[in-house]
Participant: 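Got a structure for you, written out below as structure tokens; questions coming shortly.
Each chain gets a letter, A, B and so on, in the order its sequence line appears, and its residues count up from 1.
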Amino acid sequence: MWHTYLISAFKTNPLATRGVCILPTAVVSFLPWQTSLNQKTDKVRLEMEHKDKSMIIDGRALRFTEGETILEVARRNHIDIPTLCHLKGATPTGACRVCVVEVEGARTLMTSCTVPATAGMVVHSESPEVIRSRRMTIELMLTSGRHDDCLVCPSSGDCRLQDLAFRYKVKGATFTPSGVKYPMEAANPFILRDFSKCILCGRCVQACNEVQVNEAIDFGYRGAEAKIVTKGDRALKDSDCVFCGECVQACPVAALVPKNARLVPRMSETRAVKTTCSYCGVGCQMNLHVKNNRVWHVTGCEEVAPNHGSLCVKGRYGFDFIASEHRLTTPLIKENGAFREASWDEALDLTARRFKEIAGAHADAVGVLTSARVTNEENYIAQKFARTVLKTNNIDHCARL
Amino acid sequence: MTNPISDIEKADVILVTGSNTTETHPVISSAIKRAAKFGGKGLIVIDPREITLKQYATLKMAPRPGGDIAWINGMIHVILKEGLQAKEYILDRTEGFDAMAEAVAPFTPEYVEKITGIPGNTLVEAARLYAGAEKGSILYCMGITQHINGTNAVKSLANLAMVCGNLGIEGGGVNPLRGQNNVQGACDMGGLPDVYPGYRKVHDESHAQTMEKAWGVTGLSRTPGITATDMVDAAIDGTLKALYVIGENPLVSEADLNHTEKGFHNLEFLVVQDIFMTETAQAANVVLPALCFAEKEGTFTNTERRVQRVRKAVDGPEGVPADWEIVCDLARRMGVPMEFKSAEAIFTELAAVTPAFSGLSYKRIEKEGIPWPCPTADHPGTPRLHVGSFAKGKGTFFPIEWTPPAEVTDAEYPLALTTGRVLYHYHTGTMTRKSKGLNERSPECFVEMAGSDAKNLGLSDGTLATVTSRRGNIKARVKVSRRMHKGTVFIPFHFAEAAANRLTNAKLDPDSKIPEFKVCAVRIGSAPEARG
């Protein structure tokens, strides 16, 4: 709430406009020489609170609810303020400075993800000053590590930094690149950590600590040496990491990508098919990213219940069974203890004949085990088959196991 | 679940028991951890193992396997003794309180400590924490149900929730975490021996007639069928002669596998329909390939009763139909046509004959799933059950007695074995063991035990040990772990080559017919003993 007070002070305190150091009014009110000024401030603030909670962004008068940030009000109204570090559901950090906006009366640009909207606030989301600042921020990001190889980068086309560089026409050629400080880490089956691409936005840290609460990674070292580290800066495979991949989904660049990302189609080349995870009963909503009749990536659907983007290691990385060479592809019939391939007609005719014989000769001598793995439609059909065709209620599944 | 997943973070206190949530339901575990860590909510975790979730707990308890009813009754005992119960709620919304109160009277903290090993003062604190909160949510899993008295343990949990007025409110509930993607749906759709879709009893004449009319048939059997576990016995005694298994692998997942194998090998005709050559498929006379979830259309129903879409992303192996198409084809060949044009057409029929689904359609769940009951096309779905009143009017308290497990440890089999899953594998491993990365993280079976137990047995971390029960033996590597308490060992059941279910006891809960997977008696020696 510090910012709320600050903004209110800007709007009403005559000292503010003269660049005098501003204290939050909550603090100011303890200073005796400020009493008369505070009374006036309070009066104006009270008047504003009685008015509709509304503010102005880019010339549009917009309503807001108490506690909403400038960014939230803007997004709700389809005003596109770009962000890199902002992660829905986590505490805003204002780390990347990409979302800065101009607030009339404020001394500096302000990070829209952290500053709460206040009544009467006037915001410019894309002013020349804002654009100048964003361009510098992007320029510096492009200079840290290595960002000159979009042509062979697995995140190309699905990279927020690339999008921003294009949007603000920044080439990253102004400063000398800082170079690559830490080597890539690929010593685990799922996640590739490419520190040369890391812009230290901290989304992965928040995804790990505030969303999944696995507490495996955090910021480590200081200043130019800063790095996202596990406890003791060990490899992920020897850390508390459980490979849920929340950090990979949160990473706006290519610092965290699937292990095989350089060998398979890029995310941007694939088509997303929304479906339900086939492992446990949580029913996570996921996108299967498909190209050439094959699933290459899985991501969580961010806008819907029950998982709001989260997945676990099985849901996100346990999909290679789909294209497994061990899949059954043809019916098999056992003869003299060994299987032989059979046509569908032969296998189904044999099955139909034997079921008919046995069910016809003995009541309830045939049973069906349907499945907690197949769809509702298929379970419905299986029980209808047992009850109307086999004429038995001998139908169950492994709910108990 | 009586309440939606989103209610977990709305509770003031969360009680988790019999669920290793961070490994078996990781995404739900995140909600629990967020509530405890950032929401300042109380978290009580009760499990025989020192599972990861306990690191976030306000209060944790480690009962010996098989002691659940004792500590639950004990908590109710303390709540009543200290007058912490929701008196108005009990009066207005429930029945049978007195008999239940009488049943929990003997469960003093001292008595509970004797049965479970939970220190008396911890039990008292847990009772105060749960009862002191305005809204309390109970989450449980197979650790509660897979016992011979599992049904009673669930009823005890319901008693505990009702004593504190926690059923039918936001942030409350008694919430089973369903372990498989569509176990809820398989039950809802009548994939059970005693009920039609929508849980209408097959022996009820009016329901049977309704279904006969809906399906245009006559002569539906009014006799409830037999459960999966009873099918094994029926196969052994010859009354069950043929079995059609769709997408299940009972020869790894059933309790007491040696017994199960005997039943399966005694069948005259076994058909297995699956995506892989499973252990069960190997025993079949006919194997039929099928499509996996990414290759077909349909719906799954999750643990919070939310009916959600499954969509086709890729083509399956050439010429392989979906499970429903195979079954319909079989029906036609048996002279009983079951024709459907699409999965959606089946959904339309099942919604029409299942009252709780009547208001659902693919169109309505296109963007986001809807929890049943959803009786009409304009009904928003029911995220919370029992709000205002219970489905059957008043909530019934049941007086529940504690009974010991079917098999207790003795001099010959001195250790209690409990089984479960690990993070990187799923059930019988049919899918996850085909995944290179998951296998790299979790390559083989293990037996997890306390350091003191390992030391007493002359075993150390990584040595190959033989684990023996009255029913069978397996070999697995010793994993010495601080997660285990002395006297209890844990083995995951994913690994067919070292199947934990060769050891488990197939004694059933009389009501639910669930086998007692979660406790049996074993002895452990180093592997050379097995060679000798």
Participant: Which residue out of Val313(A), Ile333(A), Asn292(A) racks up the most heavy-atom pairs below 4.5 Å with chain B?
Facilitator: Val313(A)
Participant: Is the shortest distance from a Lys or Arg side-chain nitrogen in Lys274(A) or Glu368(B) to a carboxylate oxygen in the other one below 4.0 Å?
Facilitator: no
Participant: Tell me, side chain or backbone of Thr24(B) under 4.5 Å from chain A's heavy atoms, or both, or neither?
Facilitator: backbone
Participant: For chain B, find which of Thr392(A), Ile322(A), Leu390(A) contributes the most heavy-atom pairs closer than 4.5 angstrom.
Facilitator: Ile322(A)
Participant: What is the distance from atom CE of Met334(B) to atom NZ of Lys356(A), rounded to the nearest 0.5 Å?
Facilitator: 7.0 Å
Participant: State whether Glu215(A) and Lys231(A) are salt-bridged, where the test is any N-O pair (Lys NZ or Arg NE/NH1/NH2 against Asp/Glu carboxylate O) under 4.0 Å.
Facilitator: no
Participant: Cys277(A) versus chain B, heavy atoms under 4.5 Å apart: side chain, backbone, both or neither?
Facilitator: backbone
Participant: So, do His427(B) and Phe493(B) have ring centers that fall under 6.0 Å from each other?
Facilitator: yes
Participant: Could you measure the distance from the CZ atom of Phe300(B) to the CD atom of Gln180(B)? Nearest 0.5 Å is fine.
Facilitator: 11.0 Å
Participant: Give, as side chain, backbone, both or neither, the part of Lys237(A) having an atom under 4.5 angstrom from any heavy atom of chain B.
Facilitator: both
Participant: Heavy-atom cut-off 4.5 Å, strictly under: side chain, backbone, both or neither for Val290(A) against chain B?
Facilitator: side chain
Participant: Heavy atoms only: give me the nearest Lys241(B)-Gly238(B) pair and the separation to one decimal.
Facilitator: NZ-O, 2.8 Å
Participant: With only heavy atoms counted, which part of Phe339(A) is less than 4.5 Å from chain B, the side chain, the backbone, both or neither?
Facilitator: side chain
Participant: Is NZ or CZ of Lys434(B) both nearer than 6.0 Å to the six-membered ring centre of Phe276(B) and within 45° of the ring axis?
Facilitator: yes
Participant: When heavy-atom pairs shorter than 4.5 Å are enumerated against chain B, which of Arg271(A), Lys314(A), His362(A) gives the highest number?
Facilitator: Lys314(A)
Participant: Do the ring planes of Tyr424(B) and Phe190(A) sit parallel (below 30°), tilted (30 to 60°) or perpendicular (above 60°)?
Facilitator: parallel
Participant: Looking at Gln285(A), His326(A), Gln212(A), Lys384(A), which makes the most heavy-atom pairs under 4.5 Å with chain B?
Facilitator: Lys384(A)
Participant: Heavy-atom distances under 4.5 Å only: say whether Met431(B) touches chain A with side chain, backbone, both or neither.
Facilitator: both
Participant: Just give me the residue among Asp329(B), Asp274(B), Ile5(B), Val271(B) that pairs up with chain A most often, heavy atom to heavy atom, under 4.5 Å.
Facilitator: Val271(B)
Participant: Taking only Lys NZ, Arg NE, NH1 and NH2, and the carboxylate oxygens of Asp or Glu, determine whether Glu210(A) and Lys37(B) approach each other closer than 4.0 Å.
Facilitator: no
Participant: Can you give me the closest heavy-atom contact between Lys391(A) and Gly219(B), atom names plus distance?
Facilitator: CD-O, 4.2 Å
Participant: What part of Val27(B) lies closer than 4.5 angstrom to a heavy atom of chain A: side chain, backbone, both or neither?
Facilitator: side chain
Participant: In terms of heavy-atom proximity below 4.5 Å to chain A, should Glu297(B) be classed as side chain, backbone, both, or neither?
Facilitator: backbone
Participant: Specify which of Met211(B), Lys436(B), Lys513(B), Glu304(B) makes the most heavy-atom pairs with chain A at under 4.5 Å.
Facilitator: Lys513(B)
Participant: Under 4.5 Å, counting heavy-atom pairs only, tell me which of Ala31(B), Gly298(B), Ala290(B) racks up the most with chain A.
Facilitator: Gly298(B)
Participant: Checking heavy atoms, do the side chain of Thr299(B), its backbone, both or neither come under 4.5 Å from chain A?
Facilitator: both
Participant: Measure distances from Arg306(B) to the heavy atoms of chain A and classify the residue's part below 4.5 Å as side chain, backbone, both or neither.
Facilitator: side chain
Participant: For the side chain of Asn394(A) and the backbone of Gly225(B), is there at least one donor-acceptor N/O pair under 3.5 Å apart?
Facilitator: no
Participant: Out of Cys292(B), Pro250(B), Gly150(B), return the one with the most heavy atom pairs under 4.5 angstrom to chain A.
Facilitator: Cys292(B)
Participant: Could you go through residues 187-195 of chain B and list every donor-acceptor pair under 3.5 Å that involves a side-chain atom there, pairing it with any protein atom two or more places apart or in another chain?
Facilitator:
{"residue": "Asp188(B)", "atom": "OD1", "partner": "Gln184(B)", "partner atom": "NE2", "Å": "3.0"}
{"residue": "Asp188(B)", "atom": "OD1", "partner": "Tyr199(B)", "partner atom": "OH", "Å": "2.4"}
{"residue": "Asp188(B)", "atom": "OD2", "partner": "Trp372(B)", "partner atom": "NE1", "Å": "2.7"}
{"residue": "Asp194(B)", "atom": "OD2", "partner": "Lys201(B)", "partner atom": "NZ", "Å": "3.4"}

Participant: Checking heavy atoms, do the side chain of Asp345(A), its backbone, both or neither come under 4.5 Å from chain B?
Facilitator: both
Participant: Heavy-atom distances under 4.5 Å only: say whether Val202(B) touches chain A with side chain, backbone, both or neither.
Facilitator: side chain
Participant: Heavy-atom pairs under 4.5 Å with chain A are the metric here; pick the option from Arg433(B), Lys312(B), Gln282(B), Glu318(B) that has the most.
Facilitator: Gln282(B)
Participant: What part of Ser6(B) lies closer than 4.5 angstrom to a heavy atom of chain A: side chain, backbone, both or neither?
Facilitator: neither
Participant: Taking the six-membered ring of Phe243(A) as reference, does the NZ or CZ atom of Arg316(A) fall below 6.0 Å from its centre and within a 45° cone about the axis?
Facilitator: no
Participant: Among the options Thr388(A), Val273(A), Thr375(A), pick out the one with the most heavy-atom pairs lying under 4.5 Å from chain B.
Facilitator: Thr375(A)
Participant: Quick check for you: among Leu350(A), Val211(A), Leu288(A), which has the greatest number of heavy-atom pairs under 4.5 Å with chain B?
Facilitator: Val211(A)
Participant: Given that the side chain runs from C-beta out, which part of Leu311(A) has a heavy atom under 4.5 Å from chain B: side chain, backbone, both or neither?
Facilitator: backbone
Participant: So which part of Ala36(B) gets closer than 4.5 Å to some heavy atom of chain A, the side chain, the backbone, both or neither?
Facilitator: neither
Participant: Minimum heavy-atom separation for Val298(A) and Gly315(A), please, with both atom names.
Facilitator: CG1-O, 3.5 Å
Participant: Stepwise, does the side-chain hydrogen bond (donor to acceptor under 3.5 Å, both in side chains) test hold for Ser310(A) with Glu246(A)?
Facilitator: CA-CA 6 Å; Ser310(A) 292; Glu246(A) 188 87 19; 2.9 Å; yes
Participant: Do the side chain of Asp230(B) and the main chain of Ile226(B) share a donor and acceptor less than 3.5 angstrom apart?
Facilitator: no
Participant: Given the options Asn285(B), Val336(B), Val217(B), which has more heavy-atom pairs under 4.5 Å with chain A than any of the others?
Facilitator: Asn285(B)
Participant: So which part of Met277(B) gets closer than 4.5 Å to some heavy atom of chain A, the side chain, the backbone, both or neither?
Facilitator: both
Participant: Between Glu23(B) and chain A, with a heavy-atom cut-off of 4.5 Å, which part of the residue counts as in contact: side chain, backbone, both or neither?
Facilitator: backbone
Participant: Where does Tyr56(B) contact chain A at under 4.5 Å (heavy atoms): side chain, backbone, both or neither?
Facilitator: side chain
Participant: Can you confirm whether or not the ring centre of Phe355(A) sits under 6.0 Å from the ring centre of Phe269(B)?
Facilitator: yes
